Amino acid sequence: MNGALLRFRAGDWGAYAILPVMALATLPAMSFSTWLTLTVAGIAMGMMLFLMAAGLTLIFGLMQVFTFAHGAFITLGAYLAVSVVAVMAGWSAAESWWLNLAVLAAALLVALVASGAAGYVFERVIIRRVYGAHLRQILITVGGLIIAEQLVVALWGANPLPLPKPASLRGSIILGGAAIEKYRILAASLGLLAYAGLHLLLNRTRVGLLVRAGVENLEMVEALGYRIRRLFIGVFVIGTALAGIGGVMWAFYQELVTRSIGGDMTILIFIILIIGGLGSIGGCVTAAVLVGLVTNYVGFLAPKLALGSTIVLMMAILLWRPRGLFPVGAR
Amino acid sequence: MSDGAALLRLAGIHTHIGRYHILHGVDLAVRRGRLTMLLGRNGAGKTTTLRTIMGLWRRSAGEIDFDGRPIGDLETPDIARLGIAYVPETMGIFAQLTVRENLLLATGPQGFDEAQLEAVLALFPALREKWHNAAGSLSGGQKQMLAISRAIIEPRRLLIVDEPTKGLAPAVIQLLIDAFLRLKQSATTILLVEQNFHVARSVGDDVAVMDDGRIVHTGAMADLAADETLQRHLLGLSLASHQ
């Protein structure tokens, strides 16, 4: 990584190799078709995790804010998907790719706008008061998560809500003797699209350059004449909007939405951030896919160990690279 | 040193960092078009003075005027936008950005002015060869060249540089001395903190010496360079030992 957040450095070859090594190491333990199914499932899960985690790694990397309320924006996205599908139930049940994709697109758009707007309000009302105060950040954002869950109960009720996938996105296609769920292919594609978008934003725009510089040295960015607070707001809005669309994709994947759907993901998201290297988008996507693969492989090979597999993975990575796979800056 | 033509003026500046009282009433004038050296022993308050000017640490009392305008209450970005460039002791380069990206950050929305860029690269040709390299991969001297280049890639009214030669090889120090001499020819106003007396003597027009958070001497650099007794008194050194 030659640059800050996305490009890979030659010295990081071990970190690049971890994904193919992990995938190929498990191949002898199962049939090829099973391996292919699990690998695609792991990549798809990883890309959905990436959508949820990418915003938080930018928020932490640039702003040094520990926000445990990130899950609230995932939850908001998930419940908005329920509402959109309820309004567009006819299109969702229709046997038409276009109508089904229109339902998904509408859910993503609504979640993107609403989560981004909610993120803007959250930053202006709460986060701006606790910059630099990590303990207060944790307390106030945990409080924010609890309040958000209660608001969800007030708006959508306490019972879990079903969220069936649109008709054309159910089922699998057969590839190399393996059954690959259509939805997983779509989720992986959307995650890749988001990654590409972030890559372009961070590497081809002045705003991206500022974000990358800010992750390294906020003070110097200000000394060059840039108002970093405005950048903070923009990054927070992008981060929460990504969490919202991650919530939509995860909710369709689970096909059941609960008020804790976002909160339940918080620990996993922090594990991804730590494995990837705080503030690194390249690290985030690598770590998310790694977590997705490990969860699926261990879930198949040793189901009883599945629950703790990501924690063990994090410990192993930190023993090897204490600042994560792709650490950014010196902060 | 008369401050009649001062571009930057500090009057009675006090700065606290936490419960520590670092600056105890600093009075300093940086004259337009001159290179003013700010000298002093370690811990005298030189870096704190520069950071206070830039708004990176807030003054607790006193006035800071830039071109007759009070700037003590401005935020750091607003101070920088007045045309004040700052090179911190740590150089402040973005290690994971390329040389080009580091310089680009210091330009306006229109990007590089080709003539200005060529002038800067003529000053530090090594940067041209490292144009697409990560700044973190540069040598210490090249990093300092990049830091200074970034400060002058756009026309600035005042250049503030904190210990640019610290830890650098003699050949690189000479290169930086040449660069400052050429900057002086362009009538750039410069405030330079330096521990290396040879550098100070080579480039300085005016000098202010700090001790214990106060300015204890101001005058012409040439006068201080010629007075070994005064050097011993103010800085605890003799010029002969720094030839």
Side-chain angles (χ1 to χ4, degrees), chain A residues 1-12 15 57-58 61-62 128 131-132 199 201-233 277-283 323-331, chain B residues 50-51 53-57 74-112 130-137 143 146-147 149-154 156-162:
Chain A
M1 220 159 33
N2 189 24
L5 297 167
L6 292 156
R7 287 167 286 166
F8 294 105
R9 285 187 293 258
D12 290 336
T57 203
L58 278 183
L62 180 71
R128 68 181 298 201
Y131 280 123
H199 183 92
L201 177 73
L202 290 169
N203 284 295
R204 299 292 172 86
T205 68
R206 172 69 72 124
V207 170
L209 187 58
L210 274 173
V211 172
R212 288 157 56 208
V215 168
E216 279 200 63
N217 189 338
L218 273 183
E219 187 177 274
M220 199 60 222
V221 172
E222 289 205 300
L224 288 171
Y226 297 99
R227 294 175 202 279
I228 206 75
R229 297 286 180 200
R230 289 183 187 168
L231 197 59
F232 281 6
I233 299 168
L278 294 166
S280 164
I281 289 293
R323 294 175 61 215
L325 291 174
F326 299 105
V328 174
R331 294 193 298 152
Chain B
L50 300 194
R51 290 179 62 85
I53 294 168
M54 289 306 298
L56 295 167
W57 283 330
L74 297 184
E75 297 291 332
T76 299
D78 298 320
I79 294 169
R81 285 173 182 211
L82 292 173
I84 302 178
Y86 172 57
V87 180
E89 189 179 354
T90 55
M91 296 180 271
I93 65 159
F94 304 106
Q96 301 200 43
L97 305 191
T98 64
V99 168
R100 175 188 169 276
E101 289 170 335
N102 267 275
L103 293 177
L104 188 61
L105 268 178
T107 65
Q110 77 288 351
F112 291 116
K130 306 284 183 180
W131 191 239
H132 293 294
N133 290 28
S137 69
K143 285 177 183 169
L146 175 58
S149 298
R150 193 176 57 189
I152 58 174
I153 193 71
E154 293 268 299
R156 308 289 184 197
R157 301 178 67 196
L158 173 64
L159 176 58
I160 297 176
V161 189
D162 195 354

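Convention: sequence-line order gives letters A, B, ...; per-chain numbering from 1. Keep in mind that this is a model prediction, so the values were computed, not measured.
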Is any side-chain heavy atom of M220(A) closer than 4.5 Å to a side-chain heavy atom of T90(B)?
no
Whatever's closer than 4.5 Å to a heavy atom in chain A on N102(B) counts as neither
Applying salt bridge (Lys or Arg N to Asp or Glu O under 4.0 Å) to R206(A) and not counting sequence neighbours gives none
Sorted by chain and residue number, the ring-ring contact (aromatic ring centres under 6.0 Å, His included) partners of Y226(A) (sequence neighbours excluded) come out as none
So, the part of L104(B) with a heavy atom under 4.5 Å from chain A: the answer is both
Open item on the list: Check this for me: K130(B), atom NZ, are more than 12 non-hydrogen atoms of other residues, nucleotides or ligands nearer than 6.0 Å?
Closed with: no
Turns out that what part of L105(B) lies under 4.5 Å from chain A's heavy atoms comes down to both
Notebook entry, point to check: What do the steps show when you test R212(A) against F94(B) for side chain to side chain contact (heavy atoms under 4.5 Å, CB included), and what is the final call?
Noted result: CA-CA 9 Å; R212(A) 288 157 56 208; F94(B) 304 106; over 6 Å; no
Between A80(B) and A223(A), the two heavy atoms sitting closest are CB-O, 3.2 Å
query: Does E216(A) offer a backbone N or O that forms a donor-acceptor pair with the side chain of Q96(B) under 3.5 Å?
result: no
Rounded to the nearest 0.5 Å, the CG atom of L97(B) sits from the CG atom of N217(A) at a distance of 10.5 Å
When every non-hydrogen atom of L224(A) is compared with those of A106(B), the smallest separation belongs to CD2-CB, 4.1 Å
Rounded to the nearest 0.5 angstrom, the CD-CD distance for E75(B) and E222(A) is 7.5 Å
Turns out that what part of P109(B) lies under 4.5 Å from chain A's heavy atoms comes down to backbone
message = Taking the basic N atoms (NZ, or NE/NH1/NH2) and the acidic carboxylate oxygens, is any pair closer than 4.0 Å for E219(A) and R51(B)?
response = yes
Looking only at G92(B), S137(B), G55(B), most heavy-atom pairs under 4.5 Å shared with chain A are made by G92(B)
